[in-house]
Amino acid sequence: MAGFWNACSDKIKAAFNWIWTYLWVIWFVLVVFLVYVLRTPLKLSENMNLVAMFLNTLTPKFYVALTGTSSLISGLILIFEWWYFRKYGTSFIEQVSLNHLSPWLGGTDNGAANNSGQQSPPECKTWRNPLNLFRGSEYNRYTWVTGKDPLTYYDMNQSAQDHQTLFTCDSDSTRPADEIMLRAWRERNPQNRIKAAHEALEKGTDCATALILLAEEESTTIVEAEKLFRQALKIADTNFKKSQGLQHHSPTHEKIHRRDLNVLVYVKRRLAMCMRRLGRTKEAVKMMRDLIKEFPVVSMFQIHENLIESLLEMQLYADVQALLAKYDDISLPKSATICYTAALLKARAVCDKFSPEVASKRGLTTAEMNAVEAIHRAVEFNPHVPKYLLEMKSLILPPEHILKRGDSEAIAYSFFHLPHWKRVEGALQLLHCTWEGTFRMIPYPLEKGHLFYPYPSCTESVDRELLPSNFHEVSVYPKKELPFFILFTAGLCTLTALLALLTHQFPEPMGVIAKAFLSSLSAPFSFLLEKLESIVPASLWQQLTRL
């Protein structure tokens with residue numbers, strides 16, 4: 001019994017729990033009613049006759065009041081259930097049933113114990129978008145043209161925290177230029193940040209972080225940004241070499257060296273992205289490869305994802321495959337870029353000759369099966385991407401931060417990789433034919449995972465903070481289906497309201513129907529009581545009724 005109970009889904013468990021509870025409540029009410037009826041020292045048949053007489057004396061107004069009250073109560077329950085579902089995404093009755101009634105019936109959840117050894121789902125933390133745009137030359141230009149702000153306050157606040165972590169240290173207060181930049185990174189107003197960066201350059205021309213801020217936010221073109229980043233690169237390289245020889249002298253020198261390393265890697269990466277924007281992809285690829293080779297331990301910038309996108313632009317698919325073999329490892333955090341690029345490469349091998357009609361007749365070949373499995377794997381990791389790649393949903397500018405497996409990551413990936421999918425003839429057709437099959441493999445995505453840990457339930461709330469709500473509708477997965485108990489309560493409310501209306505309009509016929517229903521409902525109990533009366537001695541019933 002316990003094994004069968006644990007094998008049931010939570011919806012079946014919740015429904016069974018509440019049916020079981022209702023039966024107990026009905027049994028309790030019946031016992032109390034019988035005790036009340038049997039208090040008088042009369043025969044059981046006489047007591048049942050009294051009950052029948054009582055029911056016959058009820059007027060239609062009583063049934064109107066009864067059905068009206070039932071309709072009101074079920075309506076209030078429906079309103080509360082709907083409010084709870086809209087706020088928390090689940091049924092209150094179902095939650096109470098699973099949390100408080102399941103332990104009485106099924107004991108501990110063995111399924112949870114069996115999954116304890118598996119990888120636990122991570123918290124919904126945001127990551128720096130490896131392909132984020134430049135504020136001054138790209139995000140601000142969009143604002144000038146459309147009048148819409150593509151970045152939310154939450155997203156920009158996350159960036160401010162990143163800048164303070166990467167570009168500052170405790171010893172900055174000893175240098176006037178760095179002390180000004182401490183305030184600049186905390187400043188909310190863009191104009192005040194730019195003004196502070198110029199003041200820092202006046203205090204000291206060797207302030208690389210001030211040049212970074214101006215390149216990111218003041219430059220109106222990528223060419224201007226590249227020029228400032230090249231100036232920052234010379235200063236950052238000099239500061240890094242200087243602090244590298246002193247890093248072991250004290251903890252303070254160690255922090256300065258870590259800050260200088262972050263500044264150098266950041267500048268080189270953004271400089272490579274400028275080259276990629278300006279069409280000098282070979283130079284960008286060389287700089288990215290040198291960065292990965294020179295600083296292999298610096299993984300926070302996820303430079304390999306920039307390199308993958310650039311290699312796809314150059315159509316160097318063999319190099320992309322070699323890079324995936326290095327980074328598509330079970331111990332590393334996955335990303336949409338990793339999963340969907342692997343699917344694209346496998347689809348590329350078969351999509352030029354793929355035909356859904358032919359495949360349905362002869363079946364899938366080994367290569368086609370591998371491509372379909374790769375697409376299913378990618379869709380399970382991030383189910384929001386296909387709608388953007390298939391242009392079923394409009395793209396917007398990607399945010400500066402993304403939530404892995406969320407809508408924000410899907411936008412960031414599709415914004416740059418859609419041309420690569422279009423370039424491979426037939427790849428989007430294969431994706432269109434196969435991506436929805438993933439959802440049939442995962443019958444209840446909120447609780448189970450097929451190839452990855454279960455899909456996090458917090459992605460929707462975080463994506464709403466990262467993405468602009470005034471012109472973008474956040475993609476939600478899995479779709480919130482109406483819980484069984486909301487539908488049940490809605491049906492119950494409708495039925496009781498209909499009965500109340502019919503009883504008010506046609507009191508006599510409805511009274512006859514109600515009496516007939518109650519009589520038929522009490523008939524089995526009357527039959528049982530008559531049998532008990534014939535078997536049990538009358539003296540015993542006299543003693544029981546006196547209790």
Side-chain angles (χ1 to χ4, degrees), residues 123 125-130 132 135 155-190 192-218 225 228-273 287-288 290-304 306 333 400-401:
E123 61 179 358
K125 61 171 287 189
T126 58
W127 300 70
R128 184 80 180 180
N129 182 10
N132 67 304
R135 280 196 191 178
D155 191 14
M156 292 188 288
N157 186 52
Q158 293 284 329
S159 297
Q161 295 178 18
D162 292 342
H163 294 151
Q164 293 176 52
T165 302
L166 294 174
F167 303 147
T168 63
C169 63
D170 297 338
S171 63
D172 286 348
S173 57
T174 60
R175 298 183 56 188
D178 290 334
E179 186 178 11
I180 294 174
M181 290 307 299
L182 275 175
R183 300 196 307 270
W185 296 123
R186 299 191 185 101
E187 182 61 52
R188 293 185 180 182
N189 187 283
N192 291 342
R193 285 197 300 270
I194 293 172
K195 182 179 178 181
H198 282 294
E199 291 178 3
L201 288 175
E202 292 175 0
K203 296 287 184 180
T205 56
D206 60 342
C207 185
T209 54
L211 292 170
I212 289 175
L213 192 149
L214 294 177
E216 291 282 357
E217 301 194 31
E218 188 182 40
L228 289 171
F229 275 124
R230 289 195 179 278
Q231 296 178 27
L233 178 60
K234 296 179 181 178
I235 300 171
D237 191 42
T238 302
N239 293 339
F240 173 75
K241 291 178 180 178
K242 186 187 300 182
S243 62
Q244 191 174 22
L246 304 173
Q247 61 176 317
H248 300 297
H249 288 193
S250 67
T252 301
H253 287 89
E254 177 68 28
K255 292 178 181 178
I256 294 174
H257 174 68
R258 191 181 304 115
R259 189 271 311 272
D260 292 341
L261 171 63
N262 292 335
V263 171
L264 178 63
V265 174
Y266 183 90
V267 170
K268 284 189 173 183
R269 173 177 164 270
R270 295 299 271 176
L271 189 57
M273 293 178 70
M287 180 167 283
M288 292 174 191
D290 292 343
L291 261 177
I292 295 175
K293 184 178 180 180
E294 187 177 359
F295 306 105
V297 296
V298 183
S299 59
M300 71 180 73
F301 295 107
Q302 302 181 59
I303 305 170
H304 61 278
N306 298 93
E400 292 184 339
H401 286 80

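As a basis for the values below, the full set of heavy atoms in this structure was taken, side chains included, without hydrogen atoms, waters or symmetry mates.
Side chain to side chain, His401 and Asp162 meet the donor-acceptor criterion of an N or O pair below 3.5 Å. For Arg128 and Ser159, the side-chain atoms include at least one donor-acceptor pair closer than 3.5 Å.
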Test side chain to side chain contact (heavy atoms under 4.5 Å, CB included) on Glu187 and Ile194 and set out the steps.
CA-CA 10 Å; Glu187 182 61 52; Ile194 293 172; over 6 Å; no
Run the salt bridge (charged side-chain N to carboxylate O under 4.0 Å, His left out) check on Glu400 and Arg135 step by step: do they pass?
CA-CA 9 Å; Glu400 292 184 339; Arg135 280 196 191 178; 2.8 Å; yes
Go through Phe229 and Lys268 one step at a time and tell me if the side chain to side chain contact (heavy atoms under 4.5 Å, CB included) criterion holds.
CA-CA 8 Å; Phe229 275 124; Lys268 284 189 173 183; over 6 Å; no
Stepwise salt bridge (charged side-chain N to carboxylate O under 4.0 Å, His left out) check, Asp178 with Arg183
CA-CA 9 Å; Asp178 290 334; Arg183 300 196 307 270; over 6 Å; no
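Ion pairing between Lys203 and Glu179 fails under the 4.0 Å rule for side-chain N and carboxylate O.
The shortest side-chain heavy-atom distance between Leu182 and Arg186 falls under the 4.5 Å cut-off. Using a 4.5 Å cut-off on side-chain heavy atoms (C-beta onward), Met287 and Arg269 make no contact. Between Asp155 and Thr126, every side-chain heavy-atom pair lies at or beyond the 4.5 Å cut-off. You'll find the side chain of Gln244 reaches within 4.5 Å of the side chain of His257, heavy atoms only.
Between Phe240 and Phe295, the two ring planes are perpendicular [angle over 60°; tilted spans 30° to 60°].
Of the residues listed (Val263, Leu264, Val267), the one engaging Asp237 in a side chain to side chain contact (heavy atoms under 4.5 Å, CB included) is Leu264, and it is the only one.
To the nearest 0.5 Å, atom CG of residue Leu271 and atom CE of residue Met288 are 10.0 Å apart. The CH2 atom of Trp185 sits 5.5 Å away from atom NE2 of His163, with the distance rounded to the nearest 0.5 Å. Expressed to the nearest 0.5 Å, how far SG of Cys169 lies from CD of Glu254 amounts to 11.5 Å. For the atom pair Met181 CE and Glu199 CD, the distance stands at 11.0 Å (nearest 0.5 Å).
Side-chain N or O atoms of Asn306 include one that pairs as donor or acceptor with a backbone N or O of Pro130 at under 3.5 Å. In terms of modelled atom types and a separation under 3.5 Å, the side chain of Asn262 and the main chain of Arg258 share a donor-acceptor contact.
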Anything under 3.5 Å between a donor and an acceptor, one on a side chain of residues 208-216, the other on a protein residue two or more places apart or in another chain? List them.
unit_1: Glu216; atom_1: OE1; unit_2: Arg270; atom_2: NH2; d: 3.0
unit_1: Glu216; atom_1: OE2; unit_2: Tyr266; atom_2: OH; d: 2.7
unit_1: Glu216; atom_1: OE2; unit_2: Arg270; atom_2: NE; d: 2.8
unit_1: Glu216; atom_1: OE2; unit_2: Arg270; atom_2: NH2; d: 3.3

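Listed here is the closest heavy atom pair of Cys207 and Leu201: O-CD2, 3.8 Å. The two atoms that bring Asp260 and Ser243 nearest to each other are OD2-OG, 3.0 Å, heavy atoms only.
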